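Here the structure is a predicted model, which is why all the values come from computation and not from measurement. So you know, we letter chains A, B, ... as the sequences are listed, proteins then strands, and number each from 1.
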Amino acid sequence: MVLLRRDDIDIGQICDSGQCFRMENMGGGRFSMVAGDHYLEIEQNKKGLLFRCEEETFESIWKDYFDLDTDYQSIRKKIDSGDSYLARAAEFGKGIRILRQDLWEMVITFIISQQNHIKRIRRIIGLLCEKYGERRRCPESSQGDRRFYDTFPGPERLAAAGLEELRECNLGYRARYVKETAEQILKGDVILEEIAGLEYPAAKQELLRCCGVGSKVADCICLFGLHMLQAFPVDTHIRQILALHYPEGFPFDRYQGYEGVFQQYLFYFDLFGEKGGAARDIS
DNA sequence: GATCAGGTAAAGT
DNA sequence: ACTTTACCTGAT
C-alpha cells in the first residue's frame, strides 16, 4: 500500500480524459485499472491517493506510469495570461497527467478509437481483452468486486485471429486494421522498439505506415504511448475548439514541447467543462 | 430514420 | 496532389 499526499493528480479526470480506456470508476473515489498485464486499484479522497499495491511495485511501475516526476504546474505557468479560455481549461483539468502507457496497446487502442466515442471504445477493448488476452487473478490486496482481469493481447495473438472472429468484438471495419497492423508488427515490417528511439516527426511517420493509422491516431500514439508531449492530436472536437476560440490560430510556438498537454486540457474542458463545449456552441 | 461519433483507406478528380 | 466516399456499430 502506498499513500500519496498530493493534489496535482486526479484519477477521475484521467479516467475520463480519453487517453486510457481500461480504467474503471467504481464509485466512492475508487478506481480499478488494467495496464498491459498489471491490475491496480486506487482510492482517492481529500487526504490523497491510496495505491493498493506493494511499495516496490509502485516504485517500479506506477510511479512512472502516472508520470509523477513531471511538474505539470510549471507547464501550466506558460499559459498566456491574456488567454482566459486556455487558463480556464487548464485550471479545470489540472489533475490530468499524460500517462506512460504501453506503445503496442496504444497503437491498437487508438486504431479502435477512430469514428468512435469513449463508451464504445471501452466496450470494444474490453471484449478484445476478454477474448484474446490472458485471464489473471486480481492481487490479494484488491477490495473491488472484480476477482479476475484480462491482459491486453499481444501482436501474435491478434495477428492469428480470424477477421470474422475479431468482428465479434464489435470492431466493425476496424477489424481489418487491427489484424493487419498486428501482422505488420509481428513480421517486423513495423518495429515498435525502434520507433521508441526516434524523435517525434520520424516516430509519427513510421507509425503512419500501420494500417488504420492516420495523422490523428499517430499523434495519439505518440502522445500516450511514447510520451511525446509535443504531439497535438487534432480531432473534430479540437478542430471546432480551434475554429471557435482561436480564429487567428492557436499559439503553438508559445507552448512548444508541451502542445499535447494543452490539447488534453482543451479536450477535457470541451467534454466536461462549462455549459456544453464548442461542438454544441456552434450550431 | 437520418445523422454522427475523438478518421482512414481507397477510389475518384 | 488534393477531394470525395464508403465504412461497422450504436446512440440520439
Side-chain angles (χ1 to χ4, degrees), chain A residues 13-23 89 92-93 96 98-99 101 105-132 158 161-185 189-190 204-226 228-246 250 259-273 276-283:
Chain A
Q13 291 187 349
I14 291 171
C15 185
D16 290 338
S17 68
Q19 58 174 309
C20 57
F21 303 93
R22 304 201 70 198
M23 191 181 275
F92 184 76
I96 296 174
I98 310 294
L99 303 178
Q101 302 184 77
E105 189 171 333
M106 292 303 99
V107 170
I108 297 304
T109 292
F110 284 96
I111 283 176
I112 291 170
S113 80
Q114 65 182 240
Q115 279 296 108
N116 245 160
H117 45 266
I118 292 176
K119 194 177 169 189
R120 189 152 90 96
I121 298 167
R122 278 210 154 86
R123 198 156 54 81
I124 293 175
I125 293 173
L127 289 169
L128 198 69
C129 293
E130 192 179 334
K131 190 160 188 163
Y132 299 104
L158 295 184
L163 257 187
E164 288 311 310
E165 191 187 50
L166 271 171
R167 275 176 183 276
E168 288 167 17
C169 298
N170 293 319
L171 280 160
Y173 66 89
R174 303 165 197 82
R176 198 188 110 235
Y177 299 164
V178 168
K179 183 171 170 61
E180 287 196 20
T181 291
E183 285 171 352
Q184 283 177 289
I185 288 167
D189 181 20
V190 173
K204 177 173 178 179
Q205 199 179 352
E206 274 301 294
L207 287 167
L208 285 171
R209 297 180 45 236
C210 295
C211 184
V213 174
S215 180
K216 188 269 177 184
V217 169
D219 275 329
C220 285
I221 299 169
C222 286
L223 182 55
F224 304 126
L226 291 167
M228 293 174 168
L229 301 184
Q230 68 268 52
F232 188 90
V234 178
D235 51 47
T236 54
H237 283 262
I238 295 292
R239 204 181 303 283
Q240 290 180 62
I241 292 167
L242 295 188
L244 187 64
H245 296 282
Y246 299 92
F250 185 77
E259 295 91 326
V261 175
F262 293 103
Q263 189 269 10
Q264 278 287 280
Y265 292 144
L266 291 173
F267 182 76
Y268 183 77
F269 190 54
D270 190 58
L271 252 59
F272 303 103
R280 278 129 296 187
D281 271 9
I282 289 176
S283 61

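Applying the ring pair (Phe, Tyr, Trp, His ring centres under 6.0 Å) test to A:Y132 and every residue at least two apart in sequence or in another chain returns nothing.
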Next item on the list: Take A:L266 and A:H245 through the test side chain to side chain contact (heavy atoms under 4.5 Å, CB included) and record every step on the way to the result.
Entry: CA-CA 11 Å; A:L266 291 173; A:H245 296 282; over 6 Å; no

Note to self: As a quick check of understanding, evaluate side chain to side chain contact (heavy atoms under 4.5 Å, CB included) for A:L128 and A:L171, giving each step before the final call.
What the structure shows: CA-CA 9 Å; A:L128 198 69; A:L171 280 160; 4.1 Å; yes

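Across all strands shown, B:dA11 pairs with C:dT3; the Watson-Crick or G-U wobble distances both stay below 3.5 Å.
Here the separation of B:dA5 from C:dA6, taken at their C1' atoms, is 16 Å to the nearest Å. Distance check on atom P: B:dT3 versus C:dT5 gives 14 Å, rounded to whole Å. Using C1' as the reference atom, C:dA11 and B:dT8 are 22 Å apart when rounded to the nearest Å.
In this structure, A:R239 reaches neither bases nor backbone, as no heavy-atom distance under 4.0 Å exists between it and the strands shown.
For A:F272 and A:Y268, the gap between ring centers is short of 6.0 Å. Ring-centre distance between A:F232 and A:F250: below the 6.0 Å cut-off. Taking the six-membered ring for Trp and the full ring otherwise, A:F21 and A:F110 have centroids separated by under 6.0 Å.
Contact of the A:C20 side chain with the A:I14 side chain is registered, since non-hydrogen atoms from C-beta on lie closer than 4.5 Å.
In this structure, A:R122 atom CZ and C:dA11 atom P are separated by 15 Å, rounded to whole Å. Rounded to whole Å, the distance from CD1 on A:I124 to C1' on C:dT9 is 8 Å.
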Note to self: Generate the contact string for nucleotides 4-11 of chain B. Rules: B means base contact, S means sugar-phosphate contact only, - means no protein heavy atom under 4.0 Å.
What the structure shows: -BBBBSS-

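The distance from atom CZ of A:R167 to atom CZ of A:R174, rounded to the nearest 0.5 Å, is 10.0 Å.
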Detail all sub-3.5 Å separations between protein N/O atoms and N/O atoms belonging to nucleotides 1-4 of chain C.
none

